[in-house]
Number of protein chains: 2
Amino acid sequence: MNGVLSEIDLLGLLDSAKMRPTRQRKALAEILFKAGHRHVTAEELHREACSGGIRMALATVYNTLHLFTRAGLLREVTVDSGQRYFDTNVSHHHHILNEQTGQLSDIGEEELLISGLPEASEGMEISCVDVVVRVRLADKEKL
Amino acid sequence: MNGVLSEIDLLGLLDSAKMRPTRQRKALAEILFKAGHRHVTAEELHREACSGGIRMALATVYNTLHLFTRAGLLREVTVDSGQRYFDTNVSHHHHILNEQTGQLSDIGEEELLISGLPEASEGMEISCVDVVVRVRLADKEKL
DNA sequence: GTCATTGCAAATACTTTGCAAATCA
DNA sequence: TGATTTGCAAAGTATTTGCAATGAC
């Protein structure tokens, strides 16, 4: 299930980002971009790589995530003051966060309409508008 | 400028939160609640306290911020994966973040209208919807 | 062979915990 | 005085940096 084509895709991806195709980068790119869109923390990604038998320092995962982000292959999502999340969906969109599990999912930008946004003040511009919908298990026992 | 009344206010505030009025707490409460609404990080608050001549460990600032938050006197705002911000405005509202300076300001909840929010999935409920408008200095040199 | 680039140990930044000391009834 | 609570040193997480080793050309 990872034939020649996928290998080429990954190489193309790294090449387009002007990054040398090291063993570690190929492994991380494969985990990140092989399936559909994903949201990961460095820790999760590192664990997955290790499970897959790829030995790598956690710092390398961080460095690679930042490089991918700078290259436009990932986008950082701010939903938690304790941990950085990276999203393989780099188009602008919003998020739903499960407060209990930390699980993130996407809301397409076009689904939400936000009106009443203030003008950016003199000399400033809006760089983006992020919406986070926090959800949790409903109180079962509501009388 | 900090007469008897303000002292009483602070004591009342701490008392209503069921917290003993220690020297450190009074000092922090004074910094936080004396003027209008504020957004602070633990680090900033600690620096201010020190400047004001109140010696205190940074950990005490964190503990106090959490106690105030649990008591409903503060609200935590998530806009940065690296640092926790606390807001003395505890009503529900949104934020503008200056990406360059880290400065936060408020947008009243009633100013924004958000339509198209998804239903919470089965058994889940929406706990809150947070909007962050990120702004930065406009590119001067746009041709 | 050269030299930009990588990968990771060590350092840093931020936050929380555990417990001795202080405080109140 | 004894139970409770406090304040902070030390520990714990999350992330970044600096540089020896590597690998592309």
Side-chain angles (χ1 to χ4, degrees), chain A residues 10-31 39-50 52-71 73-86 102 104, chain B residues 10-11 13-32 39-50 52-71 73-86 102 104:
Chain A
L10 289 178
L11 294 180
L13 201 73
L14 290 172
D15 189 53
S16 72
K18 309 241 190 300
M19 292 172 62
R20 291 189 193 169
T22 63
R23 184 177 56 84
Q24 284 85 339
R25 287 177 180 177
K26 284 190 286 185
L28 294 179
E30 173 154 4
I31 294 172
H39 302 91
V40 295
T41 62
E43 191 79 46
E44 281 164 15
L45 186 56
H46 183 234
R47 193 166 35 245
E48 279 191 53
C50 290
I54 315 289
R55 225 195 111 274
M56 188 177 340
L58 180 57
T60 299
V61 177
Y62 275 103
N63 287 341
T64 305
L65 285 171
H66 288 307
L67 287 168
F68 282 179
T69 301
R70 216 172 309 150
L73 301 177
L74 293 176
R75 177 169 109 84
E76 193 182 335
V77 185
T78 303
V79 291
D80 180 328
S81 308
Q83 246 174 331
R84 284 170 200 278
Y85 283 76
F86 294 85
L104 266 185
Chain B
L10 290 177
L11 294 179
L13 201 73
L14 289 172
D15 189 54
S16 73
K18 308 241 191 299
M19 292 171 64
R20 290 191 196 169
T22 64
R23 184 175 57 84
Q24 285 86 338
R25 287 176 181 177
K26 283 191 287 185
L28 295 180
E30 173 153 5
I31 294 172
L32 288 169
H39 302 91
V40 296
T41 62
E43 192 79 46
E44 281 164 15
L45 187 56
H46 183 235
R47 194 165 36 245
E48 279 191 54
C50 290
I54 315 289
R55 226 193 110 273
M56 188 175 341
L58 180 58
T60 300
V61 176
Y62 274 103
N63 286 342
T64 306
L65 285 171
H66 287 307
L67 287 168
F68 283 179
T69 301
R70 216 172 308 149
L73 301 176
L74 294 175
R75 177 170 110 83
E76 194 181 335
V77 185
T78 303
V79 290
D80 180 330
S81 308
Q83 247 174 330
R84 283 169 202 278
Y85 283 75
F86 294 86
L104 266 185

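Chain identifiers are assigned alphabetically (A, B, ...) following the order of the sequence lines, protein sequences preceding nucleic acid strands; residue numbering begins at 1 within each chain.
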Touch class at under 4.0 angstrom, heavy-atom based, for A/T60 against every strand present: base

Could you go through residues 55-71 of chain B and list every donor-acceptor pair under 3.5 Å that involves a side-chain atom there, pairing it with any protein atom two or more places apart or in another chain?
residue	atom	partner	partner atom	Å
B/T64	OG1	B/T60	O	2.7
B/T69	OG1	B/L65	O	2.7

Rounded distance [0.5 Å steps], CE in A/M19 versus NZ in A/K26: 13.0 Å

Rounded distance (Å) that lies between atom C1' of C/dG7 and atom CE of A/M19: 12 Å

First of B/P21 and B/E43 reached from the 5' end of DNA chain C, by closest nucleotide: B/E43

Any B/S81 side-chain nitrogen or oxygen under 4.0 Å from OP1 or OP2 of D/dA14: no

Nearest-nucleotide pick for A/A59, side chain only, options being D/dT15, D/dT16, D/dA9: D/dT16

Atom-pair distance (CG on B/L65; P on C/dC14), nearest Å: 15 Å

N or O in side chain of B/T22 less than 4.0 angstrom from D/dG7 OP1/OP2: yes

Selected nucleotide, minimal atom distance to A/R25 side chain, candidates C/dG7, C/dC14, D/dT6: C/dG7

Shortest side-chain distance from B/R84, nucleotide among C/dG7, C/dT16, D/dA14: C/dT16

B/E76 to A/S81 - nearest heavy-atom pair and separation: OE2-OG, 3.4 Å

Length of the NE2-P vector between A/H46 and D/dT13, whole Å: 16 Å

Between C/dA25 (C1') and B/R20 (CZ): distance, integer Å: 9 Å

Candidates D/dC8, C/dT5, D/dA14 - which lies nearest the side chain of B/M56: D/dC8

Any B/Q24 side-chain nitrogen or oxygen under 4.0 Å from OP1 or OP2 of D/dC8: yes

Whole-Å gap separating P (C/dT6) and CZ (A/R55): 18 Å

Nearest-angstrom distance from the residue atom CD of B/E44 to P of C/dC14: 11 Å

Minimum-distance pair of heavy atoms, taken over all atoms of A/A17 and A/L73: CB-CD1, 4.0 Å

Protein-nucleotide distance (A/L67, atom CG; C/dC8, atom P), rounded to Å: 14 Å

Side chain of A/N63 - closest among D/dC8, D/dA14, C/dC8: C/dC8

Minimum heavy-atom distance B/T78-A/D80, with the two atoms named: CG2-N, 3.4 Å

Residue-phosphate contact under 4.0 Å: B/Y62 side-chain N/O, C/dT16 OP1/OP2: no

Interatomic distance, B/H66 NE2 vs C/dT17 P [rounded to whole Å]: 9 Å

